[in-house]
Amino acid sequence: MIKSIKTTESNRAVVAELTRKLNMGPENIIARIALAYSLSLNRNLNLNTMGDSKGKEYSSKVLFGDYQDIYLAMICQRYEINVMHFDIPRYIKMHIDDGLELISKVHEDNPNLAIFDFILELVEKGLFALNSQ
């Protein structure tokens with residue numbers, strides 16, 4: 001279904017910079033974190049505002065690893081669509097771009113923040129939200 005996903009041209013540099021500064025290893029790791037972070041914000045993105053596709057390209061195997069079904073399920077749940085919906089790749093692309101931009105902004109504001117502290121803070125916020133319900 002999904003062959004590859006490309007970020008915006010401006011996010012090509014963001015991927016490289018965050019991967020290097022946060023010592024992430026392979027560049028697909030920051031893309032996975034960006035996708036999950038954007039989805040965690042519980043907001044729907046508008047496909048009409050999707051940026052270009054001239055940036056970093058990820059094959060589906062590299063981007064998702066063995067967890068493609070989980071990422072697809074998160075998109076389907078967020079947008080209440082079927083796994084065969086033709087816009088799924090576009091939603092994934094948009095959430096990766098959105099997450100990269102947001103993480104870049106957080107890192108600019110907190111240059112000493114380690115990625116693991118960032119992730120733990122997000123997990124803690126998510127668990128707090130679950131307990132509040």
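Atoms considered below: every heavy atom in the structure, side chains included; atoms not considered: hydrogens, waters and symmetry mates.
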Check whether any side-chain N or O of Asp97 sits under 3.5 Å from a backbone N or O of Thr7 as a donor-acceptor pair, and report yes or no.
-> no
Could you go through the salt bridge (Lys or Arg N to Asp or Glu O under 4.0 Å) check for Lys61 and Asp66 one step at a time?
-> CA-CA 7 Å; Lys61 182 64 178 165; Asp66 295 331; 2.8 Å; yes
Kindly say whether Asn44 contributes a backbone atom to a donor-acceptor pair with the side chain of Arg78 at under 3.5 angstrom?
-> no
Taking the six-membered ring for Trp and the full ring for Phe, Tyr or His, determine whether the centres of Tyr79 and His95 are under 6.0 Å apart.
-> yes
Taking every heavy atom of Arg32 against every heavy atom of Gly65, the minimum-distance pair comes out as NH2-N, 3.2 Å
Supply the atom-to-atom distance Ile75 CD1 to Arg90 CZ, rounded to the nearest 0.5 angstrom.
-> 13.0 Å
May I ask whether Ile2 and Met84 are part of the same hydrophobic cluster, defined by side-chain heavy atoms of I, L, V, M, F, W, Y residues being less than 4.5 angstrom apart, directly or through others?
-> yes
Closest heavy-atom contact between Ser53 and Lys6?
-> O-CD, 3.1 Å
is_close_aromatic(Tyr37, Phe118), centroid dist under 6.0 Å | yes
Side chains of Glu57 and Ser4: donor-acceptor distance under 3.5 Å anywhere?
-> yes
Which heavy atom in Gly55 sits nearest to a heavy atom in Arg12, and how many Å separate them?
-> O-NH2, 3.2 Å
With the side chain counted from C-beta on, respond yes when Ile115 and Met24 share a heavy-atom pair under 4.5 Å apart, and no when they do not.
-> yes
Shared ILVMFWY cluster between Phe86 and Val83, side chains joined below 4.5 angstrom?
-> no
Nearest 0.5 Å, what's the OG-CG distance between Ser59 and Asn28?
-> 8.5 Å
Do we get Lys56 above Tyr58's six-membered ring, with its NZ or CZ under 6.0 Å from the centre and within 45° of the axis?
-> yes
Search all heavy atoms of Ile88 against all heavy atoms of Cys76 and return the closest pair with its distance.
-> CD1-SG, 3.7 Å
Where is the tightest heavy-atom contact between Asn11 and Glu101, given as atom of each residue plus distance?
-> ND2-OE2, 3.5 Å
